[in-house]
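Input: a single structure, listed below in structure tokens.
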Amino acid sequence: MNWSEFFSMGGRAWYVWGSFGAFALAIAVEVILLRARVKSSRVTGEQS
Amino acid sequence: MFYPLAGKVWPVFAVIAVILAVIGLYIGLFVAPTDFQQGEVYRVIFIHVPAAWMGMFIYLVMAMYGVLALSFNTRISAMMMEALAPTGAMFTALALWTGALWGKPTWGTYWVWDARMTSTLILLFLYAGFIALTHAIEDKRRADKAGALLAIVGSVNIPIIYFSVKWWNTLHQGSTISTTAAPKMAAIMLTAMLLMTFACWAYSIAVALVRVRAIIVEREAGAAWLGELK
């Protein structure tokens, strides 16, 4: 496995890893924001 | 009751999503061969197509819940509709971003105002509009009704996106996968793409169920049964 070739993606590293990276980032942000919402919903729910 | 059921079910979908994504990404990045025409950059397809499909599919599911909410006045339908919107918006934005990154080296540009890209951008605006509208209206029942109408009316955009490459002369390529004919892409690439699609689908279900539980708690603030949780 030639790692430097793999990361270079035929010279298109920005396009390929910019896409896979955006995917990872989008999922991470959504999960983080969702966990925050679940926490704050419990706070809201406890107020009557 | 829906709340505890959703609580038991979402982790199953989360695990399925992770497993399918790991396998799909492995095949897509390490097993699928270099493309004869596009080299390595074609691998963006393993994110781009699943994201685009989810962006469109989630909006249709929202519209379906909108129909249910208006027809049967069920609160849970409206809450599911609200729970799905952020995830659908995320996938649509991801489809646009990855499409732009794929487009530049392959077709020479990050963006053109062709039928598919423009109608997908409109889909993103519809999602943003739905989220803004439902947050802007204080009365939850009225917000649900308004949101349902926007989801239903906006869903006409989905067949437009889908058929755009057939109806108009677009930079975006025509469909490679059909329900009636053999796919025009290599089997191993198709496998990875489908695995990623199902991973995104399972992820969307898990996230929507977690989010709808938060929405239920938010809306039921003050209700007695909340005190009995945890």
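Here is how names work: the chains are called A, B, and so on, in the same order as the sequence lines, proteins then strands, and each is numbered from 1.
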Closest non-hydrogen atom pair, B:Leu29 against A:Met9: CD2-CE, 4.0 Å

Atom OH of B:Tyr203: over 12 foreign heavy atoms under 6.0 Å: yes

Part of B:Thr87 lying under 4.5 Å from any heavy atom of chain A: both

Spacing of B:Leu94 atom CG and A:Phe23 atom CZ [to the nearest 0.5 Å]: 7.0 Å

Nearest non-hydrogen partners of A:Arg37 and B:Ile215, listed with the distance: NH2-CG1, 3.3 Å

Side chain / backbone / both / neither for A:Ile27 at chain B, heavy atoms under 4.5 Å: both

B:Arg43 and A:Arg12, any side-chain heavy atoms less than 4.5 Å apart: no

Side-chain heavy-atom pair A:Glu30, B:Arg211 within 4.5 angstrom cut-off: yes

Crowding at CZ, B:Arg219 (>12 non-hydrogen neighbours, <6.0 Å): yes

Nearest heavy-atom neighbours spanning B:Ala214 and A:Ser41: O-CB, 3.5 Å

Whether B:Tyr110 and A:Tyr15 hold their rings parallel, tilted or perpendicular, with breakpoints at 30° and 60°: tilted

Part of B:Leu25 lying under 4.5 Å from any heavy atom of chain A: side chain

Most contacts with chain B, counted as non-hydrogen pairs under 4.5 angstrom, among A:Leu34, A:Val43, A:Val31, A:Leu25: A:Leu34

Where B:Thr98 and A:Ser19 come nearest, the two heavy atoms and their spacing: CG2-CB, 3.7 Å

B:Trp97 portion near chain A, given a 4.5 angstrom heavy-atom threshold: side chain

4.5 Å side-chain heavy-atom contact, A:Arg35 and B:Val210: no

Contacting moiety of B:Tyr42, where chain A heavy atoms sit under 4.5 Å: neither

